[in-house]
Amino acid sequence: MLLSNMTDSAEAAGVILSVDFSSPEDYFIFIFHILFATSTVLVAGTVVIGISATRALRLQNRFIFMLNTSICDTLVGFSVYYLGLFDVQERNPFRDWTYSVLRDLLGVNILTFLFAQFDRYFAVCYPFVYSRFITRQVVIGINVYCWLYNVVHLLLRNLLPVSKATQLYVFGIIFFQLIVLTKVIMTIKLYVVAKYQLQREPPGPERESKKESLRIIIFVVISFLVLWCPSFVNIAIKYFTGAGLTFRNDATNIFVTMARFNALCTPSVYIWGSPALREATVRTVWGRVCPRCRTK
């Protein structure tokens, strides 16, 4: 069936697609979101299964943070099937929105990345204090908090009067600014630690593990900042000056698409940067789907 016919059928059923297929760009946008959503679910879902099915990874704090962000990334991938393929606007003026539930999934990763940076910093710079106080239960509690904070924030925005909800949203933007600034500072500190402090440690598996974890978190945060900043700047300009770029819906919003691209980029960096995670994903997922992919 032609995509234009699909549009007519969708409108007749009361559901409008994100594009009307009146130009080649419409076909590209629609196909792109299908491929993007599928790739994100496959890659992030693979990381979730690989870590969940491997006890040696679950016992390490850094992989708990990876698991949390990958669960969120998998849900973001599924959300793109709706937000990217249908005429949805999750920002004012709202249209067929999900009360910001799907949009706020990205907020879970924002907090998780921040706590993961502090985790790696204390693990490398203060190993004795870290091993004594930052237990697995503490890390799990921190990851649960990332979800609870966003859930409570979302409920308040939807239940409070519009004026109070707007104030809360502006507070969220300011809070996000502080998080971004903290991320930049922590990224610089982690880079300095990775380049200079680890060089003074004797060679061995522990040093390589620390170096690997720092490299991953630095790459993840840099990609996050690069992909998120355009959307954040545009939102800030719109709310504080009334200017900024507007788009027909979320599917055609290039800034929103860039921000969501973190959901594919982050688990890809995890797999690229961690040989142990690569081995786990091959053993638990891809080795079963394709026996030839299984390592010998």
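None of the values given here were measured: they were computed from a predicted structure.
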For this session: Using distance alone, with no hydrogens and no angle criterion, decide if D87 and N249 have a side-chain donor and acceptor under 3.5 Å apart.
Result: yes

Exercise. Which residue pairs satisfy the ring pair (Phe, Tyr, Trp, His ring centres under 6.0 Å) criterion with at least one member in residues 34-59, sequence neighbours excluded?
Worked result: F32-F36, F36-F261

For this session: Kindly indicate whether a cation-pi arrangement holds for K183 with F224, taking the cut-offs as under 6.0 Å to the six-membered ring centre and within 45° of the axis.
Result: yes

Seminar exercise, completed: Those residues at least two apart in sequence (or on a different chain) that pass side-chain hydrogen bond (donor to acceptor under 3.5 Å, both in side chains) with N68 are T112, N143, W147

Problem set entry | Members sharing L154's hydrophobic cluster (side chains within less than 4.5 Å) | V101

Exercise. Is the distance between the ring centroids of F176 and W228 under 6.0 Å?
Worked result: yes

Exercise. Is there a donor-acceptor contact under 3.5 Å linking the side chains of R283 and T54?
Worked result: yes

For this session: Establish, from distance only, whether the side-chain atoms of N262 and N109 form a donor-acceptor pair under 3.5 Å.
Result: no

Exercise. Using 30° and 60° as the class limits, which term best fits the ring planes of Y126 and F122: parallel, tilted or perpendicular?
Worked result: tilted

Problem set entry | Residues which pass salt bridge (Lys or Arg N to Asp or Glu O under 4.0 Å) with R62, listed by chain and number, not counting sequence neighbours | E212

Problem set entry | Residue list, side-chain hydrogen bond (donor to acceptor under 3.5 Å, both in side chains) with T74, at least two apart or on another chain | none

Problem set entry | F115 atom CZ, neighbour heavy-atom count above 12 within 6.0 Å | yes

Exercise. Given the rule in the side chain to side chain contact (heavy atoms under 4.5 Å, CB included) test, do S274 and I216 qualify, once you have shown the distances and angles that lead to the verdict?
Worked result: CA-CA 8 Å; S274 175; I216 290 175; 3.9 Å; yes

Exercise. Are D250 and R260 within salt-bridge range, i.e. N to O under 4.0 Å?
Worked result: yes

Problem set entry | With Y149 via ring-ring contact (aromatic ring centres under 6.0 Å, His included) - residues at least two apart | H153, F175

